[in-house]
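Reading through the structure tokens given below for one structure.
First the proteins, then the strands, lettered A, B, ... as listed; each starts at 1.
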Amino acid sequence: MIRLAFDIGGTFTDIVLHDSLSGALHVAKTLTTPDDLARAVMTGLDAVLDETGWKSSDIDVLLHATTVATNAILERKGAKTALLTTEGFRDVLILGRQKRYETYDLYFRKPEPLTRRRHIYEVSERLDTDGSVITPIDIDGLDSVADRLLAEGIESAAIVFLHSYANADHERTAARHLAERVPGLVISASCDISPRIREYERSSTTLANAFVKPIMARYLDRLQETLGKRGFSAPLHVMQSNGGLVTPEIARDYPVRIVESGPAAGVLLARHIGRRESTEHVLTFDMGGTTAKLGVVDDGEPAITPAFEVDTIDSRRYSGLPLSTPAIELLEIGAGGGSIAATDGHTIQVGPQSAGANPGPICYGGGGDRPTVTDANLVLGYLDPGYFNGGAMTLDLESAEAGLRRTIADPLGLSLEDAAWGIHAVANANMERAMRVMSVEKGRDPRKYTLVAFGGAGPIHAARIARSLSIPRVIVPAAAGVGSAVGLLTAETRIDVTLTRTMALEASARKQIAAAYAELESLVAREAPRLGPAAPRLSRYAYLRQAGQGFEINVDLPAGPIDDGYADRVIEAFHATYERDYGYRDEASGVEAVDWCLAATFSEDTTGQLETKAVPREESGRIDGDRQVYLPEYGTQVSCRILDRATLARSDGLEGPAIIEDPESTILALPGDRLSMSERGDVIIAINARENG
Amino acid sequence: MTDLGRNARIDPITLSIVWSKLMSIVEEMGGTLRRTAYSPAPQGCSTARGA
């Protein structure tokens, strides 16, 4: 079977072709084309097809991760969107939460909502928390809203009424009515998008969905049309934030679910690598051109979060727009190869601004004139100017040096090398901080984890970050430079459905629990025909808390019939999870449930498996050699061994410093690190513990 | 405390790194405070940033 995966990132579009018969991976990396994303995809697809000799009609399945939804939100380039809400609650979205991401900033700015206040319309209706009707919905009022939507030229509408998770009738009535009165209006109702308690988060999520829905539809239409014209007839699957694939039809309806599509695929790769290298606990480090993405795999599964934020400032909580849709836990920071370095005359800052693909780092020669992390890595000797992206791009070392001198070295009175090292070190410090947030601050001991590093820039920085966090081991998988695309190959079709049913968990809760799961199962059954022929594997989880607490924890629930003892088993599952997270159990306290969730995974023979053959033993054509590389351990340039994976595979392992050059990424091992190649073709770096600091 | 003198220079790289480390330390302290607090003030409002 021939599978093609493509991941559109902020800077690069990555393509991987996997032939299940030979186990070979073929890889291409092209610069993303922001004006028409499909163009870079086609360039890359052509490149791998040319290389392998396969025809477009030979491809059995197409797997896709994209930043299109994220970009529309980040750049506020979505549809002209309105929000309909319950009378008296017009400002819920504008007010947001009373949580400041920066306490003392007098010029504090809240996240900018995706619609304007004048496009938020109130409808007279009111439900109680149990879903009973207090005020019936005002149809005449709906009509006048419909007229205003027409007059304003609104393209997309979000409908968010109070307590619609308990009773969807009013939202459905409004949706039906608007669809009749406003032809062509794209509608997103919160009872479909995110039927969960907390109206601000529900509004934000549903509005984000409405905002990107027309964009996503146009994008997918254009992509499918272009693919069709090129003779691809294979089904297309799109990656969601929860790490599951869906059909383009579902992606069109729920674009808010695919916001973290590429980064989620990267974490799936790390899970796969962890499994094949027999390690259950993995920290993932995916550093691309624009950002670095950090994730976690605990006990062999990616950590799932019930909600996350998009468009954050410096990845700080409460600085972005909340999306309550299940997602693989990720922390994304503005530290990529293209992150721009600047100085205020005293210190060096790196990112979050990125030179992206256009103009790109200075050394790309695309007109960029501000130095980036990639420029610094080039000046330090970590990158080979003649072998970037497998030789497909040549880097301009002289311009990079001149730019670094002009903007960093001279203003700060530093040598060129010190300036470059400063940029590298500051970028590392930013990533180390973020990695601490993911690990230490969440009760995860980095010493028990393995760091899986990928993305074009990740493997250069990984060994040093591992040292600073006392992580003992780094794994760099094959095709690391296109990690998210490879991760797509390991993904399965999956949807998560969620429903709020708040209740005190007592033995008598059995009926309510059973009712909640009956409803969730019917939701899955409704979507299942659009997802595939196979019967899904169902797994239950819920968000539970101690009575009186304000925050819930994610608890995996037992399978099996929901009988008399089920509520007790749920309570026990809560206490066990709570103890794992916090170190103690308080069985005297009551337990409350908030959200009930069901994950449905569909196994098919076209997705979810990735058998790759071990490293090719033949020569890559690269000549092993030496290069002058700056390492602060020596305080100067030293001669560093350069080799490729094939050479490492033939050796019995070797000691750093050493650089391994893959076509799409470069691995840097530091003095005293022990490098070896696993049987599965992964590069393993045993970190020199004495240098941990 | 040693007088660094009027013209003493602080290495900008060290300054950047030490600043980042110090921020990281207080953020970790803030995180611990929020997660262990029973008072809703630090826990709910997250006004304890850097505290």
Side-chain angles (χ1 to χ4, degrees), chain A residues 97-105 314-319 341-350 408-409 411-415 417-443 468-469 548-551 581-583 632 693, chain B:
Chain A
R97 290 272 171 214
Q98 300 303 304
K99 291 181 175 173
R100 296 172 66 99
Y101 58 87
E102 182 63 84
T103 311
Y104 304 111
D105 182 359
D314 225 0
S315 70
R316 287 190 218 154
R317 280 189 77 191
Y318 312 121
S319 65
T343 177
D344 55 7
H346 304 288
T347 60
I348 298 171
Q349 292 95 40
V350 175
I408 307 289
L412 288 173
L414 291 173
S415 71
E417 267 172 8
D418 282 344
W421 168 250
I423 295 171
H424 183 89
V426 169
N428 279 356
N430 292 347
M431 293 184 279
E432 181 196 330
R433 254 167 86 181
M435 194 72 89
R436 281 188 189 280
V437 172
M438 280 305 265
S439 56
V440 180
E441 284 188 23
K442 302 215 162 131
S468 60
L469 285 156
Q549 283 189 327
F551 294 95
D581 288 0
Y582 294 96
Chain B
M1 203 171 142
T2 319
D3 182 8
L4 286 172
R6 192 176 296 266
N7 296 319
R9 271 180 45 79
I10 298 168
D11 167 32
I13 301 172
T14 309
L15 179 60
S16 304
I17 304 296
V18 169
W19 175 250
S20 182
K21 282 263 185 204
L22 289 171
M23 286 301 287
S24 178
I25 290 167
V26 288
E27 276 167 18
E28 221 167 290
M29 288 162 66
T32 306
L33 177 65
R34 280 193 295 276
R35 287 174 73 86
T36 52
Y38 272 92
S39 159
Q43 182 213 50
C45 308
S46 288
T47 48
R49 185 167 186 274

I'd like to check B/Ile17 versus A/Asn428 (side-chain heavy atoms, cut-off strictly below 4.5 Å). Are they in contact?
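The answer is no; the side chains never approach within 4.5 Å.
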
Flag the pair B/Pro12 / A/Thr343 as yes when at least one side-chain heavy-atom distance between them is below 4.5 Å, and no otherwise.
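When only atoms from C-beta onward are counted, A/Thr343 and B/Pro12 do not touch, as no gap falls below 4.5 Å.
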
- prompt: Do you know the tightest heavy-atom contact between A/Arg433 and B/Ser20?
  reply: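 Minimum heavy-atom separation between A/Arg433 and B/Ser20: CD-OG, 3.3 Å.
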
Gap separating the CD1 atom of B/Ile13 from the CD1 atom of A/Ile423, nearest 0.5 angstrom: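 The CD1 atom of A/Ile423 is 9.0 Å from CD1 of B/Ile13, to the nearest 0.5 Å.
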
Is the backbone N or O of A/Ile348 less than 3.5 Å from a side-chain atom of B/Ser16, with the two atoms forming a donor-acceptor pair by type?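 Yes, because the side chain of B/Ser16 sits within donor-acceptor range (under 3.5 Å) of the backbone of A/Ile348.
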
Under 4.5 Å from a heavy atom of chain B, the part of A/Val440 involved
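Looking at A/Val440, just its side chain touches chain B.
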
For A/Ala434, side chain to side chain contact (heavy atoms under 4.5 Å, CB included) partners two or more places apart: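 Side chain to side chain contact (heavy atoms under 4.5 Å, CB included) list for A/Ala434, sorted by chain: A/Leu294, A/Leu331, A/Ile333.
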
